[in-house]
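For reference, the structure discussed in these notes is given below.
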Protein chains: 2
Amino acid sequence: MNRTRAWEILKAHGYKKTDKRELILSMFEETDKYLTARDLLEVLKKDYPGMSYDTIYRNLATFVELGILEETEFNGERNFRMHCEIDHHHHHFICMECGNVKEVSLCPIEKLEAMLPGYTIESHKFEIYGKCPQCNG
Amino acid sequence: MNRTRAWEILKAHGYKKTDKRELILSMFEETDKYLTARDLLEVLKKDYPGMSYDTIYRNLATFVELGILEETEFNGERNFRMHCEIDHHHHHFICMECGNVKEVSLCPIEKLEAMLPGYTIESHKFEIYGKCPQCNG
DNA sequence: TTCTAATTCATAATCATTACGATTTACATT
DNA sequence: AATGTAAATCGTAATGATTATGAATTAGAA
Ligand SMILES: [Mn+2]
Ligand SMILES: [Mn+2]
Ligand SMILES: [Zn+2]
Ligand SMILES: [Zn+2]
């Protein structure tokens, strides 16, 4: 996902183009790491000192709802990142040192479905945490 | 894990026997569901109206540290449950309707390790959410 | 029974997140 | 280009989970 595509989606749903949204999207575009609301505010405050958490959270919710961002939760905080381009189902290795993210295609959810008759699987979370090669030194 | 074993561990680490701990442990012993700090306080307030969140959280942290409880996070809250008896590595299907938990032995973490040379895997989370057979009707 | 460290209580602080009325702004329409 | 209006943002306060702290209580050893 990139900013251009994001704006197509936003427009298609009747959302207006604003500088704040543009800035938020550009922050996500230039990193593959997960960001928190706090991360965003910290940076946006430089350009917009009056920037409100309400604006951040409301837009994050919109972006997730429209599939522009993906969301997860670790270290007791909500984390967001640009939704992956990759079309096939996959998961992420997340470096707890630098935040870098690596795609992981292994997922046993289909096998699992067969092993749980009577159960309805609505969602699943498979996340791997550790240190990436750079941080391992 | 049961209360008796839990007390062995607590004693072995020099922790004292208190009524609050006994009650907390008994709550976990009699269900296989995940409980939040709020769930616990709600019940403990009946016997101990002055019961403090501090006591709950401090003991939960102790129990997790000693391997008596296991902890996870979903729906934006920390959730706790008695640590499983089962010795082999496994994960959980969690019913989002009734909270029931089912063991799931499928896990691709070892295969994954081989697929991520240079990476150090420190931990991983694999959780499946949905509806159990009873709640599906 | 006495002593002491562990535990709990009572309360406030902190942190992430949400809520809301007032104000401003994007953009469609004239 | 000016106008009207719904959308978006601001400013600020509320909420809810969690953590912190100092005083009071208590379990268990001596
Ligand atoms: Mn990805
Ligand atoms: Mn289990
Ligand atoms: Zn998967
Ligand atoms: Zn596993």
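Labels below follow one simple rule: chain letters A, B, ... track the order of the sequence lines, proteins then strands, and each chain is numbered from 1.
An OP1 or OP2 oxygen of dC10(D) is reached within less than 4.0 angstrom by a side-chain nitrogen or oxygen of Thr55(A). Remark: Lys16(B) is not in phosphate contact with dT8(C), judged by side-chain N or O atoms under 4.0 Å from OP1 or OP2. The side chain of Lys17(B) places no N or O atom within less than 4.0 Å of a non-bridging phosphate oxygen (OP1 or OP2) of dT7(C). In this model, the phosphate group of dT26(D) is not approached by any side-chain N or O of Lys20(B) to a distance below 4.0 Å at OP1 or OP2. For dA8(D), one of the phosphate oxygens OP1 or OP2 lies less than 4.0 angstrom from a side-chain nitrogen or oxygen of Arg21(A). At the phosphate of dT12(D), neither OP1 nor OP2 sits under 4.0 Å from any side-chain N or O atom of Ser52(A). For Arg58(A) and dT9(D), the shortest distance from a side-chain N or O to OP1 or OP2 is below 4.0 Å. Between Arg38(B) and dA17(D) there is a side-chain polar atom (N or O) within less than 4.0 angstrom of OP1 or OP2. Contact check, Thr36(B) against dA17(D): no side-chain N or O comes under 4.0 Å of OP1 or OP2.
Between Gly99(A) and Lys33(A), the shortest heavy-atom contact is O-CG, 3.4 Å.
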Going through the distances and angles, do Tyr34(B) and Phe74(B) end up as a ring-ring contact (aromatic ring centres under 6.0 Å, His included)?
CA-CA 10 Å; Tyr34(B) 280 94; Phe74(B) 52 81; 5.7 Å; yes
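Heavy atoms of Tyr53(A) sit under 4.0 angstrom from at least one base atom. Nucleic acid contact for Asp54(B): base, since at least one base atom lies under 4.0 Å from a heavy atom of the residue.
What separates CG of Asn75(B) from C1' of dT17(C) is a distance of 15 Å, to the nearest Å. dA19(C) atom C1' lies 17 Å from atom CD1 of Ile56(A), rounded to whole Å. Regarding Tyr57(A), its OH atom lies at a distance of 19 Å from the C1' atom of dA8(D), rounded to whole Å.
Relative orientation of the His124(A) and His89(A) rings is tilted, given thresholds of 30° and 60° on the angle between their planes.
The side chain of Ala37(A) lies closest to dT17(C), out of dT17(C), dT19(D), dT7(C).
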